[in-house]
Amino acid sequence: MGTEAVEMSRLKNGEAQNSRHKQTDQVPAEGFTALSDEYDGNLGKVSDSLENNIHSDAPQKRARQQKELTFQDMYQNQDMFDDDDDDSDWEPMQKSLEVMKWFCRNCTMVNLDDINHCDICGEHRESKILSYGFFASPYAEDNDLTEAKPKIKKEVGIQDVATSPSTAIGFDERMLLHAEVQMKSHPHPERPDRLKAIAASLATAGIFPGRCYPISAREITREELLLVHSLEHIESVEATNQMISSYFTPDTYANEHSAQAARLAAGLCSDLASAIVSGRVKNGFALVRPPGHHAGVRQAMGFCLHNNAAVAALSAQVAGARKVLILDWDVHHGNGTQEIFEQNKSVLYISLHRHEGGRFYPGTGAAEEVGSMGAEGYCVNIPWSRGGVGDNDYIFALQNVVLPLASEFAPDLTIISAGFDAARGDPLGCCDVTPSGYAYMTNMLNALSGGKLLVILEGGYNLRSISSSATAVVKALLGESPEFELGNNFPSKAGLQTVLEVLKIQMNFWPSLEPIFGNLQSQWGMYCLGEKRKQSKKRRRVQLPMWWKWGRKSFIYYFLNGHLRLKSKRSF
């Protein structure tokens with residue numbers, strides 16, 4: 001059986017490049033029988049030739065026969081190729097086929113079959129994380145937990161929510177149908193299991209269903225999407241429902257269900273934003289996919305089809321919100337969201353992301369990108385210069401950049417583009433934010449907009465990290481205090497440098513940031529002075545030759561080394 005890939009030409013104005021995968025017509029049974037008889041006859045001739053002359057050209061004839069056969073013929077007539085010839089040259093191929101492997105359910109990394117725990121994340125190959133979420137043991141199968149069913153038996157409309165506003169969650173199982181049809185080298189990181197793990201965690205914790213209100217899903221309309229995306233982009237996404245498999249970019253896939261999943265995700269975000277602004281619910285969490293913050297006006301990319309946060313922001317404004325803050329803490333810059341609002345003063349977009357001088361995907365989001373056409377200062381990028389960024393750096397940036405700007409902007413609704421790929425253990429983000437850190441940041445942002453806060457799921461590809469982080473955020477929305485001790489939250493050297501760089505640029509548009517910049521600059525001076533002192537102490541330390549230990553200078557060696565160690569202890 002063969003697979004034919006039909007590539008569609010790239011559409012103008014950033015439309016998708018699609019590829020269709022379909023099954024080729026199979027050979028009719030009658031034709032296949034006749035073809036088999038013919039090859040049986042040829043096989044008889046080859047056998048007669050071998051009997052007459054052992055040194056004949058039988059191998060060439062057999063190779064020619066194999067070339068004419070289809071894969072289906074080869075599979076159903078394997079006995080044709082059994083002989084006593086020396087097949088030693090095939091042994092390397094046979095050995096390579098015997099190497100078995102499995103893909104980690106938690107992080108998708110490949111492992112050899114002779115081990116039971118992932119070499120990367122330590123998850124057991126039979127882990128039940130999709131049944132219990134992060135409550136499942138990472139070491140072995142769980143037998144003592146009641147399996148959580150993420151399926152929501154009863155959904156209620158926004159108009160049916162109880163009179164006392166609470167936390168609403170948007171989720172629909174049809175979004176699980178969006179999946180890559182043909183696996184490449186390993187499972188795609190943006191996979192249905194992401195939603196399954198979060199839903200299982202919330203169900204196991206008794207949060208959803210339970211303490212949160214489910215809302216019924218609605219597919220976004222074309223008219224609503226046109227407020228964000230071009231018609232060409234919308235039509236290119238819709239065209240995928242006629243294809244078994246297609247790709248907008250090498251890493252942004254679609255199948256026949258993807259267009260509906262994208263409409264459902266955008267519709268849920270739109271309805272949650274409207275409900276929060278109108279006061280029918282207090283806050284909400286959009287448990288949706290495909291993600292959206294890379295999707296721009298005319299293009300789908302970075303696993304994203306429609307920009308859910310942008311749709312929610314404009315829906316909130318239709319519902320009465322004058323100003324909207326979008327805080328994007330996904331580890332990747334939300335280039336699509338920035339493009340959509342870079343000329344809009346009614347939406348303040350702030351992004352914290354890895355940038356590393358443009359070397360980290362998608363390469364946009366430098367601190368100098370501040371907005372345009374009269375909206376300078378309404379795009380704020382906080383670009384980390386390295387990986388490994390953790391709670392202290394994020395909270396420090398919120399305290400000294402995000403909250404001061406947000407307080408002056410005074411939004412009517414705050415939206416978090418909540419990618420959890422900066423979480424500890426994520427294979428793509430490689431940062432170190434903890435679930436408690438995410439919950440603490442959610443509490444900090446909950447003080448804005450009178451508590452009107454919408455959290456929209458973006459990235460995050462380690463199931464244990466994403467499910468524990470999302471659960472911590474939902475608990476914060478419900479009013480639970482995070483288990484996080486702020487203590488000394490002084491940032492890393494690289495984090496402080498980044499914040500200073502951002503403040504220096506943004507205080508040209510927000511003068512209220514000048515005192516913060518001055519204060520932090522003095523702290524930076526003290527930090528540099530302390531580093532110089534440490535370096536000078538290191539330079540003064542003498543490295544003595546090892547052979548002094550056994551010669552006449554052994555006393556001097558031990559005396560000086562002991563003296564240096566004492567000084568070293570006192571210095572710390």
Side-chain angles (χ1 to χ4, degrees), residues 104-109 117-118 120-124 127-142 144-150 167 169 171 189-212 285-289 291 329-331 388-392 394-395 416-445 455-485:
C104 178
R105 189 172 297 166
N106 180 51
C107 70
T108 76
M109 295 296 106
H117 292 273
C118 177
I120 305 300
C121 68
E123 193 81 13
H124 193 275
S127 167
K128 291 188 176 181
I129 192 169
L130 298 182
S131 300
Y132 310 129
F134 75 96
F135 293 98
S137 169
Y139 305 112
E141 294 187 58
D142 289 294
D144 56 343
L145 291 176
T146 302
E147 184 169 351
K149 299 293 184 181
T167 299
I169 289 186
F171 173 72
E190 206 296 285
R191 58 206 190 277
D193 288 351
R194 298 173 63 242
L195 291 196
K196 292 179 183 178
I198 296 175
S201 295
L202 295 175
T204 303
I207 295 174
F208 178 69
R211 299 168 60 189
C212 297
F285 187 98
L287 183 54
V288 296
R289 61 181 293 271
W329 68 36
D330 190 282
V331 78
V389 183
D391 294 342
N392 282 4
Y394 273 82
I395 292 173
I416 302 177
S417 274
F420 295 109
D421 40 7
R424 178 179 296 171
D426 189 271
L428 297 187
C430 300
C431 286
D432 199 38
V433 182
T434 66
S436 296
Y438 281 120
Y440 192 86
M441 290 190 289
T442 303
N443 264 358
M444 295 172 72
L445 296 168
V455 182
I456 299 175
L457 181 66
E458 296 286 359
Y461 309 103
N462 178 303
L463 300 188
R464 191 165 293 277
S465 300
I466 191 176
S467 59
S468 58
S469 299
T471 301
V473 166
V474 174
K475 286 182 177 181
L477 294 177
L478 288 167
E480 293 188 20
S481 298
E483 299 175 358
F484 184 84
E485 294 182 3

Check side-chain contact (heavy atoms from CB on, under 4.5 Å) between [X] and all other residues, then give those that pass, not counting sequence neighbours.
{"X": "A439", "answer": "A472, A476, P482"}
{"X": "C430", "answer": "R354"}
{"X": "A286", "answer": "C269, L272, V288, I456"}

N/O donor-acceptor pair under 3.5 Å between T442 side chain and V473 backbone
no
Pairwise distance [atom1]([X]) to [atom2]([Y]) - rounded to 0.5 angstrom:
{"X": "C431", "Y": "D421", "atom1": "SG", "atom2": "CG", "answer": "8.5 Å"}
{"X": "M441", "Y": "S436", "atom1": "CE", "atom2": "OG", "answer": "11.0 Å"}
{"X": "L463", "Y": "L130", "atom1": "CG", "atom2": "CG", "answer": "6.0 Å"}

Per the side-chain hydrogen bond (donor to acceptor under 3.5 Å, both in side chains) rule, what does the pair list look like for residues 468-480, sequence neighbours excluded?
R211-E480
Under 30°, 30 to 60°, or over 60°: which ring-plane class applies to Y438 and W329, parallel, tilted or perpendicular?
tilted
How are the rings of F420 and F285 set relative to one another: parallel (under 30°), tilted (30 to 60°) or perpendicular (over 60°)?
parallel
Residue pairs passing the salt bridge (Lys or Arg N to Asp or Glu O under 4.0 Å) test with at least one member in residues 426-436, sequence neighbours excluded, are R424-D432
With N106 via side chain to side chain donor-acceptor pair (under 3.5 Å) - residues at least two apart
N462
How would you list, by chain and number, every residue that makes a side chain to side chain donor-acceptor pair (under 3.5 Å) with D391, sequence neighbours excluded?
T434
Only counting residues at least two apart or in another chain, list the ones meeting salt bridge (charged side-chain N to carboxylate O under 4.0 Å, His left out) with E123.
R464
Of the non-hydrogen atoms in R289 and R194, which two are nearest, and what is the gap between them?
CB-NH1, 4.3 Å
I'd like to check the ring-ring contact (aromatic ring centres under 6.0 Å, His included) partners of Y394; sequence neighbours left out, ordered by chain and number.
W384
